[in-house]
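The structure appears below as C-alpha cells.
Keep in mind it's a predicted model, so treat the numbers as computed, not measured. Letters A, B, ... mirror the listed sequences (proteins, then strands); counts begin at 1.
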Number of protein chains: 2
Amino acid sequence: MSRPTLKAIAKRAGVSVATVSRALSGRGRVDETTRQRILRIAEELGYAPDMAARSLVLRRTENVGFLIHALQSLSPHTFYGEILTAVERELRRHRYHLQFATVEDEALPALIKENRVDGLLLVGCDLPASLIQGLKERGLPVVLVDNHVPGVDSVFTDNTGGAFQATAHLIRLGHRRIAFIAETLDNLSFRERLEGYRQALEAHGMPFDPALVAEGERGFEGGFLAMSTLLQRARPTAVVAANDPTAASAMRAIRAHGLRIPEDIAVVGFDDDPLAVHTEPPLTTMRVFRSKMAVLAVARLLDLIKNPEQPALHIRIETQLIIRQSCGSPLT
Amino acid sequence: MSRPTLKAIAKRAGVSVATVSRALSGRGRVDETTRQRILRIAEELGYAPDMAARSLVLRRTENVGFLIHALQSLSPHTFYGEILTAVERELRRHRYHLQFATVEDEALPALIKENRVDGLLLVGCDLPASLIQGLKERGLPVVLVDNHVPGVDSVFTDNTGGAFQATAHLIRLGHRRIAFIAETLDNLSFRERLEGYRQALEAHGMPFDPALVAEGERGFEGGFLAMSTLLQRARPTAVVAANDPTAASAMRAIRAHGLRIPEDIAVVGFDDDPLAVHTEPPLTTMRVFRSKMAVLAVARLLDLIKNPEQPALHIRIETQLIIRQSCGSPLT
DNA sequence: TTGTAGGCGTTATCAT
DNA sequence: ATGATAACGCCTACAA
C-alpha cells in the first residue's frame with residue numbers, strides 16, 4: 001500500500017539503511033554481491049526515493065518552474081504549448097520535472113517562496129520586468145525564453161532579422177507600398193518585428209511611412225481591426241503581420257473590403273503557426289524554431305543550476321522563410 | 001540570501017520554533033500579542049514554509065500532476081492548452097501547484113513513484129488504459145479529464161449529444177446526404193461523435209451509410225485526406241467533422257474539388273476552436289466548455305484527496321451549437 | 001500558553 | 001565494507 005522506504009529494503013536485505021542508500025545512489029563503496037541483492041529487492045518493491053526527504057537534505061528539488069503570463073497563454077498558446085511540451089520532454093531526459101504556473105501580477109509566485117524549484121524558465125515577453133528582477137536577485141537560476149533583457153540569460157527568436165527577411169521577400173516580389181500590422185505593439189517581440197520591417201525598408205532605400213503601420217487590439221479579432229483601420233487610410237499592395245493569427249484575421253478584413261489575396265494585397269505572417277496552412281490561401285510566414293528554443297533553454301538552465309556563477313548568455317535563433325501562396329508571384 | 005526558517009523567526013521573536021509553527025499555521029493556541037509579533041516578523045522576512053520539510057512530515061505535497069499523452073499534445077494542444085491554464089488557475093486558488101508531464105508509454109511516471117503529487121488529472125483519451133488502471137490501483141486520487149472509463153472519476157464532454165445536435169442542425173436545414181469525417185477513429189471522443197451522428201440519423205428515420213463515413217490520418221492534413229477520400233466515392237450535401245481542425249482542413253479539400261461552402265456542401269465542426277472564426281466561411285461548430293471542465297475536475301480531485309473513499313463520479317458536460325456561416329440557410 | 005523532543009525518509013560523516 | 005548517528009525544516013504529541 002504505502003511506498004517502500006530505505007528502511008524496509010534494509011530490513012529485508014539484513015543491512016543498514018546507510019548501506020542501502022550507498023548501493024542505490026552509487027555514491028560509496030558497497031560489496032558487489034550485497035549491492036546486487038539490494039538492487040534486486042529495491043526493484044521488487046518498486047522503490048523510488050521520496051523526493052521530499054531527498055530534497056530536504058540535498059537542498060534541491062530536481063524541479064524546474066515554467067512561468068508564463070496568464071493573459072499571454074490565452075491567445076498564442078498554440079505557440080507556447082509546443083514550447084511547453086518540448087521543454088517537459090527535454091527536462092525528463094535529464095530526470096528533471098516541470099512545475100507549470102501562470103503569473104498574473106508582480107507577486108513572487110508561491111513556487112519560489114516555498115522552494116519548490118531549482119530554477120525557472122520565464123516564458124514570453126509579457127512577464128513584468130520587476131518580477132524578473134526580483135527572481136534574479138533572489139539568486140535563483142533563471143532563463144528567459146522568447147524574451148530577453150540585459151543581465152538575465154535568455155534564448156529567443158531573431159524577430160528583427162525575421163521581419164527583415166519577410167519584408168525583403170515582399171520587396172523582391174516588387175512591392176513598394178508595404179504595410180505592417182500587429183494586434184498590439186505593447187509587446188517586445190512585435191516591436192522587434194516592426195523594427196525589422198523598418199530596417200528592411202531602409203536597407204532598400206524605401207521610406208518608412210507611419211500611415212502604413214496599424215495596431216489593433218489583443219485577441220483574435222486584433223488583426224481584423226488593424227487591417228480595417230489601415231485600409232481606411234491607405235492602400236498597400238502588401239502587408240507584414242506581426243504573427244500568424246493576426247495575418248489570418250487580416251485576410252478576412254481584406255476580403256471583407258472586396259480585395260483579393262495575393263492579387264490585390266500580398267500577406268506574410270510570422271511564427272509558422274499550425275493555422276498557417278489552413279488559411280485561404282495558405283500563408284507565407286517566418287518559421288520559428290520552438291522546440292529548438294526549448295531544448296537550448298533547458299540545457300542552459302540545468303547548466304546554471306549546476307554552476308550558478310556564470311556571465312549571462314543570450315542565445316538568438318534565426319527564423320526561416322516558408323513560402324506558401326499568400327504572396328503570389330513577382331509583380332510585373 | 002538563503003530562505004528564512006522557523007528557527008530564524010523563533011530566534012528573532014524570542015520564542016521556540018513550536019510556537020512559531022503554531023502561530024503561523026493557526027493550529028494551536030498562541031497568545032494573541034506574541035502571534036502578532038511572529039506574524040509581523042515572518043512577513044518582514046518573507047517567510048514561506050519549505051515544501052520539502054513540510055510534505056515530508058505532512059505526507060502531502062500540495063501538488064497535482066497534469067498528465068497528457070505526448071502525441072496528443074502535438075496537434076490539438078490549443079484545446080488542452082486552455083484546459084491546462086484553467087486547471088492551473090483553479091489549483092492556485094486552492095493553494096495547490098501543478099506538475100506537468102507528458103507520457104509516452106505505459107510506464108509509471110517518475111512523478112508518482114517519487115511521491116511528487118497528491119493526485120492526478122489524466123487528460124485526454126489517449127492515455128493507455130493499463131496506465132490508468134495502474135495509477136488507480138496505487139490508490140492515488142485520479143480524475144480523468146475529457147475521457148471516461150468505468151471505475152475512475154471523470155469529467156468529460158457530451159460528445160455523443162453534441163454530434164447529435166450538430167447533425168440534427170444539418171437535418172433541420174434540409175440536408176439528407178450527410179457525411180461524417182475524422183482524422184482518425186482511433187480515439188474515444190471521435191468515436192462518440194460518430195455515434196452521435198449515427199443516432200441523429202436514426203432518430204430522423206434516415207439510413208446510416210458507411211460510404212458517408214471517412215477517416216484520414218492524424219495531423220493537420222487529416223481532414224483534407226478524409227474529405228478527398230469521401231468526395232471520390234460519394235457526394236454529400238453536408239459534412240459533420242469530428243473537430244474543427246479537421247473541418248478546416250476538409251474545407252480546403254472541398255474547395256480544391258471546385259465546390260462551394262455552404263452552397264454545395266455545408267460543414268459543421270466540433271470544439272469551437274479559436275481557429276473556427278478564421279476559416280472561410282467562419283465555421284459553425286459545437287462549443288466545448290474547456291474551463292468549466294477544468295474547474296470541475298480540480299474541485300473533484302481536491303475533494304478526493306481530502307476524502308479518498310468515495311464512489312466514482314462521472315460528470316458529463318453538454319455542448320452548445322454555435323452557428324456561423326459554414327452551413328448557410330435552410331435548403332429549399 | 002509555551003517549550004522539549006521525536007520523527008518524517010534521505011544523505012553524509014564519522015567510526016568501526 | 002558497513003553501521004550508527006546527525007542533520008535537513010517542519011509538525012505535533014506531551015510535558016511543564
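- A:T102 and B:R92 share a side-chain donor-acceptor pair at under 3.5 Å.
- Atom CZ of B:R12 has 12 or fewer neighbouring heavy atoms from other residues, nucleotides or ligands inside a 6.0 Å radius.
- When rounded to the nearest whole Å, the span between CZ of A:R60 and P of C:dT10 equals 15 Å.
- Whole-Å rounding puts the A:L6 CG to C:dT11 P distance at 6 Å.
- Under a 3.5 Å cut-off, the side chain of A:R316 and the backbone N or O of A:H314 do not form any donor-acceptor pair.
- Within the structure, every side-chain polar atom (N or O) of B:R59 is placed at least 4.0 Å from both OP1 and OP2 of D:dC11.
- Counted within 6.0 Å of CD on A:E32, heavy atoms from surrounding residues, nucleotides or ligands total more than 12; the atom is thus considered enclosed.
- Checked by distance alone, A:R3 brings no side-chain donor or acceptor within 3.5 Å of a matching partner on the base of C:dG9.
- By the 4.5 Å heavy-atom criterion applied to side chains, B:L122 and B:V152 are not counted as neighbours.
- Regarding A:K7, its NZ atom lies at a distance of 14 Å from the C1' atom of D:dA4, rounded to whole Å.
- For the pair B:S21 and D:dC10, the criterion of a side-chain N or O lying under 4.0 Å from OP1 or OP2 is not met.
- For CD of A:E318, the number of neighbouring non-hydrogen atoms (other residues, nucleotides, ligands) closer than 6.0 Å is 12 at most.
- Stem analysis of DNA chain D (Watson-Crick or G-U pairs, both distances under 3.5 Å, runs of at least three) returns C:1-16 with D:1-16.
- For the 3.5 Å distance criterion, the side chains of A:Q310 and A:D153 fail to qualify, holding no donor opposite an acceptor.
- Each of A:R95, A:R116, A:R54, A:K306 was scored for a salt bridge (Lys or Arg N to Asp or Glu O under 4.0 Å) with A:E62, with one residue passing: A:R54.
- One atom, NZ of A:K113, and another, P of D:dG9, lie 19 Å apart when rounded to the nearest Å.
- A:Y47 has a side-chain polar atom (N or O) that falls below the 4.0 Å cut-off from OP1 or OP2 of C:dT10.
- Atom CG in B:D50 sits about 8 Å away from atom C1' in D:dC8, given to the nearest Å.
- Applying the ring pair (Phe, Tyr, Trp, His ring centres under 6.0 Å) test to residues at least two apart or on different chains, the pairs with a partner in residues 126-154 of chain B are B:H148-B:F156.
- In the region residues 29-36 of chain A, proximity to DNA chain D at under 4.0 angstrom, judged on heavy atoms, holds for A:R29, A:V30, A:D31, A:T34.
- Between B:M51 atom CE and D:dC8 atom C1' the separation is 15 Å, expressed in whole Å.
- Phosphate proximity of D:dG9 to B:T5: absent, as no side-chain N or O sits under 4.0 Å from OP1 or OP2.
- Between B:V15 and A:L58, it is B:V15 whose nearest contact on DNA chain C lies nearer the 5' terminus.
- Residue-level contact check: A:R27 touches the backbone only, with heavy atoms under 4.0 Å from sugar-phosphate atoms and none from bases.
- Checked by atom type, the side-chain pair B:D31/B:T33 shows a donor-acceptor distance below 3.5 Å.
- In this structure, B:R22 does not reach the C:dT2 phosphate: none of its side-chain N or O atoms is under 4.0 Å from OP1 or OP2.
- For D:dG3, the OP1/OP2 oxygens have a side-chain nitrogen or oxygen of A:S16 closer than 4.0 Å.
- The separation between A:I9 atom CD1 and C:dT11 atom P is 11 Å, rounded to whole Å.
- Straight-line distance from the CG atom of A:L45 to the P atom of C:dG9: 14 Å, rounded to whole Å.
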